[in-house]
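Data first, discussion second: the structure below is written as structure tokens.
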Amino acid sequence: MVQQMAGFDVRQVVLLSGTFGPHEVQQIVETISRDYVQYQLFRDAVNELQGREEQSPASNVRLGVCLYLLGRYYRAIEVLKKGDGGAMAQFYLGKSYFARGQYQEAIEVYKAAEVAGYDANACALARAEVLRNAGDCPAALQVLDRLSGAVEQTAEYLAQRAATVAQLGGNPMEVVALYERAVEADGNHPGALFGLALENDRHGNDEAAMDLYKRAANRFPAHVGSLLNLGLMYEDCLQYDKAAQCYRRILDVYPDHPRAALYFKDTEASHEQFVDEDAEKKRDRMSQVLSIPVADFELSVRSRNCLQKMGIMTLGDLCRCTESDLLASKNFGETSLQEIKDMLASKGLRLGQALPDRVVVETFEPAALSADEQAMLSKPVSDLNLSVRARRCLARLGLNTLGELVRKTQDELLECKNFGVTSLNEVRDKLKQLGLKLRGE
């Protein structure tokens, strides 16, 4: 098998007529997974095949399957519909429908693929995956329960069962055991590696999670979930270049992927913020200006006396005052106010500039809450089922319960590294579903 793989020509399999079935597809996947340089050769060959003026039903099947592997699902559907209508065409038409979220269409063509002679177990596992992602986990479990024999020991079956049990809220230990068995059955199965990585990630086993994410990310087609979470872990380690590479790999295949695009942009911003020494120098200069005594300026006797009575000694003290604060002082009028404003303007400052953001603080006493409310606020934040990025940020802030979370303001959460507006909106939406909100909202 290794010798066959070494002599396998991706370009030739795509462009030349000949046998093209599940075995050839698996060889393409393995070849690119072993050597990602082959990806460009594969992509160029597919583009060349697509550019041919005349396509036969058989070549449409070959082209459609290859387009699916490249993530061009809409085009794959168009081409596969023009195929020979056989088992392989139907099966990959189902996979393309599934990838686009067209679940009912996927179910129908998977049934057609089985009738046409495609492996019955593969079709059943594919239907179970569709049902689970459509939210019908009981039906997915029924499909899995009806399977028996050697298929029950395959990585695909074990990974599908683990994901279904997890989504049904089953025993976490059972989920982990199923994923571990799946990885033992096939150490290169992307879904099994991702699932086991996610479980380790949730339990704080960062080293094991990162290793598993890396193994899943090295497969082809790219496992998006693994690349996203691996990128986030790299960000946590301040390895922004590696994180960007993960997001860029997703965008190479899925240019419009919203989360990958957002995370890639956030990574670049975080990197710039991390190395922005100029911003630090500007803050130092501003601190020096704010510490200048007001006595260094030539002010009228009235203005000077009023500032002394108010305990205003530096420009920083002045920048923490508003016009109304100054005018409230006895004998301080519009003339003195204008004099102060002109003095601050000469240093590029203004009144109120150094005021902290004023937030309306809502507090509550636990004793004043009902038993149900207290029970709700004592729940762990893990019950919100947040994304990896949001969950890690809350952990950094030491927020373990919903009660601790709702005592935080938006600004306090946004101050946490890597916690952006996307994560904030995610937290707010999850809290809203429980009838809760952040402090000050």
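All heavy atoms count here, side chains included; hydrogens, waters and symmetry mates do not. As the structure is a prediction and not an experimental result, all values here were calculated from the model.
Contact check on Arg320 versus Asp317 returns a salt bridge, with a Lys/Arg side-chain nitrogen under 4.0 Å from an Asp/Glu carboxylate oxygen. A salt bridge between Arg407 and Glu404 is absent, with no side-chain N of the basic residue lying under 4.0 Å from a carboxylate O of the acidic one. Under the 4.0 Å criterion applied to side-chain N and carboxylate O atoms, Glu114 and Lys111 are not assigned as salt-bridge partners. A salt bridge does not link Glu156 to Arg161: none of the charged side-chain nitrogens sits closer than 4.0 Å to a carboxylate oxygen.
With values rounded to the nearest 0.5 angstrom, Gln160 atom CD is found 11.5 Å from Leu141 atom CG. Interatomic distance, Tyr97 OH to Tyr68 OH, rounded to the nearest 0.5 Å: 14.5 Å. To the nearest 0.5 Å, atoms CD (Glu78) and OG (Ser96) are separated by 11.0 Å. Here the CG atom belonging to Leu70 is positioned 9.5 Å from the CD atom belonging to Gln50, to the nearest 0.5 angstrom. Atom CZ of residue Arg132 and atom CZ of residue Arg127 lie 15.0 Å apart, to the nearest 0.5 angstrom. Note that the OH atom of Tyr103 and the CG atom of Asp136 stand 12.5 Å from one another [nearest 0.5 Å].
When all heavy atoms of Val143 and Ala128 are compared, the closest pair comes out as CG1-CB, 4.1 Å. Closest approach of Ala155 and Ala182 over heavy atoms only: CB-O, 3.4 Å. Between Gly86 and Ala116, the shortest heavy-atom distance links the atoms C-CB, 4.2 Å. Residues Val10 and Gln38 share a closest heavy-atom pair of CG2-OE1, 3.9 Å. Closest of all the heavy-atom pairs between Val46 and Cys66 is CG2-CB, 3.6 Å. Residues Gly94 and Val109 share a closest heavy-atom pair of CA-CG2, 3.1 Å.
Using modelled atom types, one side-chain atom of Arg249 and one backbone atom of Ala217 make a donor-acceptor pair closer than 3.5 Å. Asn133 places a side-chain N or O within 3.5 Å of a backbone atom of Glu129 that can act as its donor or acceptor partner. Side-chain atoms of Ser33 come within 3.5 Å of backbone N or O of Phe220 as a donor-acceptor pair. Asn200 places a side-chain N or O within 3.5 Å of a backbone atom of Leu196 that can act as its donor or acceptor partner. At least one donor-acceptor pair closer than 3.5 Å links the side chain of Asn218 to the backbone N or O of Lys214. With hydrogens and angles ignored, the 3.5 Å screen pairs a side-chain donor or acceptor of Glu152 with a backbone N or O of Gly149. Between the side chain of Arg62 and the backbone N or O of Leu16, at least one donor-acceptor pair lies under 3.5 Å. Put simply, the side chain of Glu174 never gets that close to the backbone of Asn171: no donor and acceptor are under 3.5 Å apart. Although no hydrogens or angles enter the test, the distance criterion places no donor-acceptor pair under 3.5 Å between the side chain of Arg439 and the main chain of Gln410. In this structure a side-chain-to-backbone donor-acceptor pair under 3.5 Å is present from Arg219 to Asn188.
A 6.0 Å sphere centred on NZ of Lys430 holds more than 12 heavy atoms belonging to other residues, nucleotides or ligands. For CD of Gln40, the number of neighbouring non-hydrogen atoms (other residues, nucleotides, ligands) closer than 6.0 Å is 12 at most.
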Begin with the C-alpha distance, continue with both residues' side-chain angles, and end with the deciding distance and a verdict on side-chain hydrogen bond (donor to acceptor under 3.5 Å, both in side chains) for Tyr92 and Tyr118.
CA-CA 11 Å; Tyr92 278 92; Tyr118 205 86; 4.6 Å; no
Begin from the C-alpha positions of Glu24 and Ile28 and carry the test side-chain contact (heavy atoms from CB on, under 4.5 Å) through to its verdict.
CA-CA 6 Å; Glu24 284 68 34; Ile28 291 173; 5.5 Å; no
side-chain contact (heavy atoms from CB on, under 4.5 Å) evaluation trace for Ile292 with Thr314:
CA-CA 5 Å; Ile292 297 175; Thr314 67; over 6 Å; no
For a side-chain contact (heavy atoms from CB on, under 4.5 Å) check, start with the C-alpha distance between Thr164 and Leu168, then their side-chain angles and the critical distance, and finish with the verdict.
CA-CA 6 Å; Thr164 305; Leu168 283 167; 4.1 Å; yes
Kindly indicate, with the supporting measurements, whether the criterion side-chain contact (heavy atoms from CB on, under 4.5 Å) is fulfilled by Leu413 and Leu394.
CA-CA 8 Å; Leu413 293 180; Leu394 296 187; 4.1 Å; yes
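Side-chain contact of Glu426 with Ser387: a donor-acceptor pair under 3.5 Å is present, judged by distance alone. Residues Tyr234 and Tyr213 bring no donor and acceptor atom of their side chains to less than 3.5 Å of each other.
Remark: of the listed residues His257, Lys265, Glu235, Glu235 is the sole one forming a side-chain hydrogen bond (donor to acceptor under 3.5 Å, both in side chains) with Tyr247.
By the 4.5 Å heavy-atom criterion applied to side chains, Lys95 and Val65 are not counted as neighbours. For the pair Glu105 and Phe98, the minimum side-chain heavy-atom distance is 4.5 Å or more. Side chains of Pro57 and Lys82 form no contact here, defined as non-hydrogen atoms less than 4.5 Å apart. Counting only heavy atoms from C-beta outward, the side chains of Arg428 and Leu424 approach each other to under 4.5 Å. By the 4.5 Å heavy-atom criterion applied to side chains, Tyr157 and Leu144 are counted as neighbours. Between Leu405 and Asn400, every side-chain heavy-atom pair lies at or beyond the 4.5 Å cut-off. At a threshold of 4.5 Å between non-hydrogen side-chain atoms, the residues His189 and Leu193 do not count as touching. The shortest side-chain heavy-atom distance between Leu80 and Leu67 does not fall under the 4.5 Å cut-off.
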Which side-chain N or O atoms in residues 376-384 pair as donor and acceptor under 3.5 Å with protein atoms at least two apart or in another chain?
unit_1: Ser378; atom_1: OG; unit_2: Gln374; atom_2: O; d: 3.3
unit_1: Ser378; atom_1: OG; unit_2: Ala375; atom_2: O; d: 2.8

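Checked against the 6.0 Å centroid criterion, the rings of Phe42 and Tyr39 do not qualify as a close aromatic pair.
The aromatic rings of Tyr110 and Phe91 sit tilted, their planes meeting at an angle between 30° and 60°.
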